[in-house]
Amino acid sequence: MSRMVTIISTMETQVSNGPSGTSLPNGPVISTNGATDDSKTNLIVNYLPQNMTQEEFKSLFGSIGEIESCKLVRDKITGQSLGYGFVNYVDPNDADKAINTLNGLKLQTKTIKVSYARPSSASIRDANLYVSGLPKTMTQKDMEQLFSQYGRIITSRILVDQVTAGISRGVGFIRFDKRNEAEEAIKGLNGQKPLGAAEPITVKFANNPSQKTGQALLTQLYQTAARRYTGPLHHQTQRFSLIPPFGKGPDPNNSTKPILDNLLNASYGVKSSPSLLPRFSPITIDSMTSLAGVNLTGPTGAGWCIFVYNLSPEADESVLWQLFGPFGAVTNVKVIRDFTTNKCKGFGFVTMTNYDEAAMAIASLNGYRLGDRVLQVSFKTSKQHKA
DNA sequence: TACGATT
């Protein structure tokens with residue numbers, strides 16, 4: 001029912017860690033009691049797009065290496081994604097690779113976070129605090145400094161005004177590693193004035209976000225629908241920041257307020273890198289159809305297959321996720337490689353669920369310069385290209 | 001230079 005309850009149930013499905021372990025070369029750590037130690041293979045992924053499915057989630061992380069198990073965490077009642085999930089790889093090296101290549105990946109309006117999952121434990125439940133009345137001048141670092149005396153901070157965030165983009169709302173979140181640390185912080189800081197502050201702050205446990213009112217659910221549905229139209233336009237300004245090195249920016253604790261966060265992220269998209277907008281032109285759907293050449297284009301299986309040409313020999317799947325993910329639901333990416341050299345043969349394919357998002361991705365990415373190459377992007381045709 | 005499928 002509540003978000004935290006779902007976390008608990010999810011984490012209980014993860015194999016618990018044994019008291020001691022033996023590291024096998026290139027394999028799982030087996031403890032003396034037979035349990036596996038997932039600490040080097042099990043990842044938590046935060047800030048996933050609301051509409052990402054379990055299948056897309058698995059496809060994205062499966063492109064890195066063999067997955068032992070993965071789970072997109074959903075609300076028990078509504079089935080809606082809670083915006084995070086777990087991936088447990090077979091090989092610790094793949095877990096490391098996933099962090100290095102997928103952390104900071106921009107998918108639609110979100111920047112995903114990929115990190116090692118903490119071991120499952122009841123003591124890490126309900127450790128998220130809501131803080132209000134903060135001085136507007138207080139930064140995230142300031143806030144962390146204030147709270148860090150009570151324990152290890154996992155995430156922190158100060159909410160900012162959407163319009164003025166950057167002005168603190170005096171409200172923030174602090175997630176501690178342990179619930180008892182959060183309790184101590186409440187005792188120590190609730191009703192207290194930070195040094196130099198005029199007003200006392202309020203510190204309490206954060207609400208569980210899935211305890212939504214009917215109205216809130218309707219609002220969320222509306223947001224989801226609206227994003228299908230406005231989202232890709234916002235993405236235009238973001239796509240130039242997609243190219244490696246992948247973003248390792250601040251880590252907004254946006255899991256607690258998905259609706260607000262969508263708005264916040266959308267506004268970020270609009271304001272970012274306005275000078276890097278150059279070559280998008282609003283090609284219409286009709287002209288896109290002719291761009292595809294013939295009527296061989298169509299939803300093949302589940303989605304629209306896109307042909308991407310002029311990839312470098314070093315291109316890999318993560319590049320395609322980087323490029324196309326911001327435009328909408330991507331279900332599959334594939335880099336075609338030479339069987340013997342394992343180098344990319346210069347092209348690949350991307351499958352996207354929705355036509356309008358696929359069309360927008362093509363319109364935006366065809367002609368896009370990736371390194372020293374200019375990509376050619378179109379709907380896949382069923383026959384070999386002729387002249 | 002151009003449309004896979006080594007799961």
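Order of the sequence lines sets the chain letters (A, B, ...), proteins ahead of strands, with each chain counted from 1. Any value given below was found using the heavy atoms of this structure, including those in side chains, with hydrogens, waters and symmetry copies removed.
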### Message
I'd like to know if A:Lys58 pairs up with A:Glu55 as an ion pair, taking the criterion as any Lys NZ or Arg NE/NH1/NH2 lying under 4.0 Å from an Asp or Glu carboxylate oxygen.
### Response
no

### Message
Suppose we screen for ring-ring contact (aromatic ring centres under 6.0 Å, His included). Which residues come up paired with A:Tyr150, at least two apart in sequence or across chains?
### Response
none

### Query
Quick one: A:Asn332 CG to B:dT7 C1', roughly how many Å, whole number?
12 Å

### Query
Just how far, in rounded Å, is P of B:dT6 from CD1 of A:Ile336?
10 Å

## Note on the structure
When rounded to whole Å, the NZ to P distance for the pair A:Lys380 and B:dA2 reads 16 Å

## Note on the structure
Taken to the nearest whole Å, CZ/A:Phe307 to P/B:dA5 is 13 Å

### Message
Under the rule for ring-ring contact (aromatic ring centres under 6.0 Å, His included), what residues qualify as partners of A:Phe147, not counting sequence neighbours?
### Response
none

### Task
Quickly work out the A:Phe379 CZ to B:dG4 P distance and round it to whole Å.
18 Å

### Query
How about A:Tyr130 and A:Phe205: are their ring centroids closer than 6.0 Å?
no

### Task
Can you tell me the distance, in whole Å, between the CH2 atom of A:Trp304 and the P atom of B:dG4?
19 Å

### Message
I need the NZ-P distance between A:Lys334 and B:dT6, as an integer number of Å.
### Response
8 Å

### is_close_aromatic(A:Tyr355, A:Phe379), centroid dist under 6.0 Å
yes

### Message
Does anything in residues 337-349 of chain A come within less than 4.0 Å of DNA chain B? Heavy atoms only, and list the residues if so.
### Response
A:Phe339, A:Phe347, A:Phe349

### Query
Among A:Ile112, A:Asn51, A:Leu102, which residue meets the side-chain contact (heavy atoms from CB on, under 4.5 Å) test with A:Leu107?
A:Ile112

### Nearest-Å distance for atom pair CZ/P, residues A:Arg373 and B:dA2
13 Å

